[in-house]
Amino acid sequence: MKQAKRYPFLKLQHTRLSFYFEDQSGFSPLPAEHKFRQWIWHALKNEYRRADISLILLDEEDARAYNRDYRGKDYATNVLSFALDEGETVLAQNPDTLSGDLIICPQVVAKEAAEQGKTLEAHFAHLTLHGTLHLMGYDHISEEEAEIMESLEIKLLNQLAYPNPYQQDKI
């Protein structure tokens, strides 16, 4: 009888996804670091061979400063994405590697989750996927882009057993 091969999934994931995580938010309770890694990996694993992603959790004051300095909007937002190769020729050198930084403000995420009647974990999962998709080049500026991005978010969240985050918006 042939023995089934063991697939070293986690080893492969750690080899293909270089992940840096730092919590400067002072917020509790947070999902475990491995959850953030799982959500990021799930968003990019089918499109990128390798990724180098940093995720930093910031408090409202620091998140507000980043949003103001980089987007010209003077308020704390839920997630910010900074693709390393945005507007550069780095992508042409290594097109199968995604590099970028995500900033998430847990205080904003918690407020939104409560206002929208969502669990904190489901909202963190959604925004982590959302930010990762931005790193991958997805956007929601036009209605057509928004439909593509939202349908992909719904599909990915469904695969992770989280509900459609836009369901209440359609009621």
Side-chain angles (χ1 to χ4, degrees), residues 9-11 13-45 48 50-87 97-141 146 149-150 152-154 156-169:
F9 175 76
L10 289 177
K11 185 176 180 183
Q13 179 189 42
H14 285 268
T15 303
R16 290 178 54 191
L17 173 59
S18 174
F19 178 64
Y20 174 78
F21 177 84
E22 186 174 340
D23 178 16
Q24 299 178 8
S25 70
F27 183 83
S28 183
L30 289 169
E33 179 180 335
H34 74 88
K35 288 291 217 178
F36 288 104
R37 172 187 279 275
Q38 175 190 14
W39 299 328
I40 290 169
W41 173 253
H42 192 68
L44 62 83
K45 68 182 178 184
Y48 287 90
R50 290 201 34 77
D52 185 5
I53 307 291
S54 294
L55 171 61
I56 301 173
L57 305 179
L58 296 178
D59 63 23
E60 287 179 279
E61 182 181 336
D62 290 337
R64 179 181 182 171
Y66 271 92
N67 202 26
R68 181 187 61 239
D69 294 348
Y70 291 97
R71 295 181 62 227
K73 300 183 181 199
D74 195 18
Y75 57 88
T77 190
N78 50 24
V79 62
L80 292 168
S81 301
F82 299 95
L84 177 66
D85 57 8
E86 201 164 47
T97 300
L98 176 68
S99 298
D101 301 323
L102 294 173
I103 294 174
I104 293 179
C105 181
Q107 289 84 348
V108 173
V109 174
K111 281 182 202 169
E112 291 176 349
E115 290 168 358
Q116 298 169 17
K118 299 174 181 175
T119 68
L120 190 56
E121 182 173 316
H123 201 44
F124 268 113
H126 175 218
L127 293 174
T128 303
L129 287 168
H130 183 87
T132 304
L133 291 174
H134 275 305
L135 292 178
M136 296 167 62
Y138 290 91
D139 216 327
H140 46 81
I141 295 171
M149 189 170 179
E150 287 176 13
L152 185 53
E153 289 171 338
I154 292 165
L156 293 170
L157 287 164
N158 182 264
Q159 291 169 349
L160 292 165
Y162 292 107
N164 176 348
Y166 301 105
Q167 192 66 44
Q168 74 175 31
D169 297 342

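Values in this document were obtained by computation on a predicted structure and should not be read as measured data. Worth knowing before you read on, the calculation uses all heavy atoms, side chains too, and leaves out hydrogens, waters and symmetry mates.
Below 30°, between 30° and 60°, or above 60°: for His130 and His140 the angle between ring planes is between 30° and 60°, a tilted geometry.
Summarising the geometry, atom CD1 belonging to Ile53 is positioned 8.0 Å from atom CG belonging to Asp101; distances are rounded to the nearest 0.5 Å. Once rounded to the nearest 0.5 Å, the distance linking CD1 of Ile40 with NZ of Lys45 reads 13.5 Å. Distance check: Glu22 CD to Glu33 CD gives 10.5 Å after rounding to the nearest 0.5 Å. One distance of note links OG1 of Thr132 with CG of Leu102; it measures 5.0 Å at 0.5 Å rounding. In this structure, Glu61 CD and Cys105 SG are separated by 11.0 Å, a value rounded to the nearest 0.5 Å. In this structure, the separation between NE2 on His126 and NE2 on His123 is 7.5 Å, given to the nearest 0.5 Å.
Contact annotation: the side chain of Ser54 never approaches that of Phe82 to less than 4.5 Å [non-hydrogen atoms, C-beta and beyond]. A 4.5 Å side-chain heavy-atom check between Gln38 and Leu160 finds at least one atom pair inside the cut-off. Between Gln24 and Asp59, every side-chain heavy-atom pair lies at or beyond the 4.5 Å cut-off. Contact check for Leu98 versus Asp52: no side-chain heavy atoms found under the 4.5 Å cut-off. The closest side-chain heavy-atom distance from Glu60 to Phe27 is not below 4.5 Å. Between Lys118 and Pro165 the shortest side-chain heavy-atom distance falls below 4.5 Å. Taking the side chain as every heavy atom from C-beta outward, Phe21 and Leu57 approach each other to under 4.5 Å. Under the 4.5 Å side-chain criterion, counting only non-hydrogen atoms from C-beta, Leu133 is in contact with Leu156.
Closest approach of Phe124 and Ile104 over heavy atoms only: CE2-CG2, 3.9 Å. Closest approach of Leu127 to Val79, counting heavy atoms only: O-CG2, 3.9 Å. Shortest non-hydrogen contact noted between Thr119 and Ala113 is O-CB, 4.2 Å.
Side-chain contact, Glu112 with Asn78: a donor N or O sits under 3.5 Å from an acceptor N or O.
Annotation for Tyr66: atom OH does not count as buried by contact number, only 12 or fewer foreign heavy atoms lying within 6.0 Å.
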Checklist entry - What's the verdict on ring-ring contact (aromatic ring centres under 6.0 Å, His included) for Phe19 and Phe36, showing C-alpha distance, side-chain angles and the deciding distance? => result CA-CA 9 Å; Phe19 178 64; Phe36 288 104; 7.7 Å; no
Item to check | Check against side chain to side chain contact (heavy atoms under 4.5 Å, CB included), Leu80 and Tyr70 | outcome: CA-CA 9 Å; Leu80 292 168; Tyr70 291 97; over 6 Å; no
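Each of Tyr162, Tyr166, Tyr138 was checked for a side chain to side chain donor-acceptor pair (under 3.5 Å) with Glu153, and the lone residue meeting it is Tyr166.
Distance alone, capped at 3.5 Å, places no donor-acceptor pair between the Arg64 side chain and the Thr77 backbone. Looking only at distances, no side-chain donor or acceptor of Ser81 sits under 3.5 Å from a matching main-chain atom of His134.
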